[in-house]
Amino acid sequence: GGALGESARIAQLLDDVAQLQAAIDAHMAAEIDLLEQLQVLEDRLQVSEDALRAAEDYRLRVSEERLRTAEDRARVAEDRLRVAEDRAWATEGRLRASDDGAAARNTSIDAI
């Protein structure tokens with residue numbers, strides 16, 4: 001009965017090896033599945049980061065453009081203010097000249 005018992009033990013060992021191989025294969029398949037899921041998540045994260053960066057770049061560009069527009073408006077307002085001040089000085093000068101002329105005429109009339 002020794003050979004038959006040895007043969008049964010070998011068959012049992014082969015069965016054990018086959019079960020271990022099946023378990024290893026299942027484990028490997030699960031690991032590959034997890035790695036693929038991880039890759040999908042990393043890809044989604046990359047897309048999200050790219051979208052966030054693009055949104056931040058856009059917001060920054062818009063802010064810079066608004067700032068430039070505001071600075072341009074401020075320069076235009078300063079130019080208009082300078083023009084208005086120049087006109088005011090010119091008007092004041094004309095009024096003073098007119099007053100001086102009138103005073104001179106009055107003086108000459110008084111002299112008569």
Side-chain angles (χ1 to χ4, degrees):
L4 192 59
E6 190 71 20
S7 178
R9 266 195 15 245
I10 289 171
Q12 183 60 48
L13 282 174
L14 287 174
D15 188 50
D16 290 349
V17 167
Q19 285 182 20
L20 276 174
Q21 190 61 52
I24 289 170
D25 289 347
H27 181 78
M28 295 270 296
E31 195 171 327
I32 289 169
D33 188 48
L34 286 174
L35 288 172
E36 288 171 351
Q37 289 178 30
L38 179 61
Q39 186 61 52
V40 167
L41 290 174
E42 287 174 344
D43 291 347
R44 285 184 187 163
L45 178 61
Q46 187 62 52
V47 167
S48 296
E49 287 173 344
D50 292 346
L52 180 61
R53 214 173 355 266
E56 288 171 345
D57 290 348
Y58 174 77
R59 197 168 25 229
L60 183 61
R61 265 196 318 278
V62 167
S63 295
E64 288 170 347
E65 287 170 10
R66 286 180 179 161
L67 180 60
R68 271 194 298 277
T69 300
E71 288 170 345
D72 291 345
R73 286 179 178 165
R75 270 193 293 279
V76 168
E78 287 170 355
D79 292 345
R80 286 179 177 165
L81 180 60
R82 267 193 295 278
V83 167
E85 287 171 343
D86 291 347
R87 285 182 183 157
W89 282 113
T91 301
E92 191 177 317
R94 281 198 305 275
L95 287 174
R96 195 173 298 118
S98 173
D99 288 349
D100 291 348
R105 281 193 301 279
N106 290 340
T107 303
S108 61
I109 290 170
D110 290 345
I112 294 174

Apart from L13 itself, what residues make up its hydrophobic cluster when side-chain heavy atoms of I, L, V, M, F, W and Y under 4.5 Å apart count as a link, directly or indirectly?
->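 Taking Ile, Leu, Val, Met, Phe, Trp and Tyr as members, L13 stands alone, with no cluster partners.
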By the rule that ILVMFWY residues connect when side-chain heavy atoms come within less than 4.5 angstrom, directly or transitively, which residues belong alongside V62?
-> Y58
All salt bridge (Lys or Arg N to Asp or Glu O under 4.0 Å) counterparts of R61, not counting sequence neighbours =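 Salt bridge (Lys or Arg N to Asp or Glu O under 4.0 Å) check on R61 returns nothing, list empty.
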Would you please name every residue forming a salt bridge (Lys or Arg N to Asp or Glu O under 4.0 Å) with R82, sequence neighbours left out?
->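 D79.
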Applying side-chain contact (heavy atoms from CB on, under 4.5 Å), name anything that partners L34, two or more places apart in sequence or on another chain.
->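 For L34, the residues satisfying side-chain contact (heavy atoms from CB on, under 4.5 Å) (neighbours in sequence not counted) are Q37.
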Mind jotting down which residue pairs meet the salt bridge (Lys or Arg N to Asp or Glu O under 4.0 Å) criterion with at least one end in residues 15-29? Sequence neighbours excluded, please.
->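 For residues 15-29: none.
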Please list all pairs passing the salt bridge (Lys or Arg N to Asp or Glu O under 4.0 Å) test where one or both residues lie in residues 30-50, with sequence neighbours left out.
-> D50-R53
Atom pairs and distances, side-chain donor-acceptor, residues 87-99, under 3.5 Å, sequence neighbours left out:
{"unit_1": "T91", "atom_1": "OG1", "unit_2": "R87", "atom_2": "O", "d": "2.8"}
{"unit_1": "E92", "atom_1": "OE2", "unit_2": "R96", "atom_2": "NH2", "d": "2.7"}

Would you be so kind as to tabulate the donor-acceptor pairs closer than 3.5 Å made by side chains of residues 65-75, with sequence neighbours excluded?
{"unit_1": "T69", "atom_1": "OG1", "unit_2": "E65", "atom_2": "O", "d": "2.9"}
{"unit_1": "D72", "atom_1": "OD1", "unit_2": "R75", "atom_2": "NH2", "d": "2.5"}

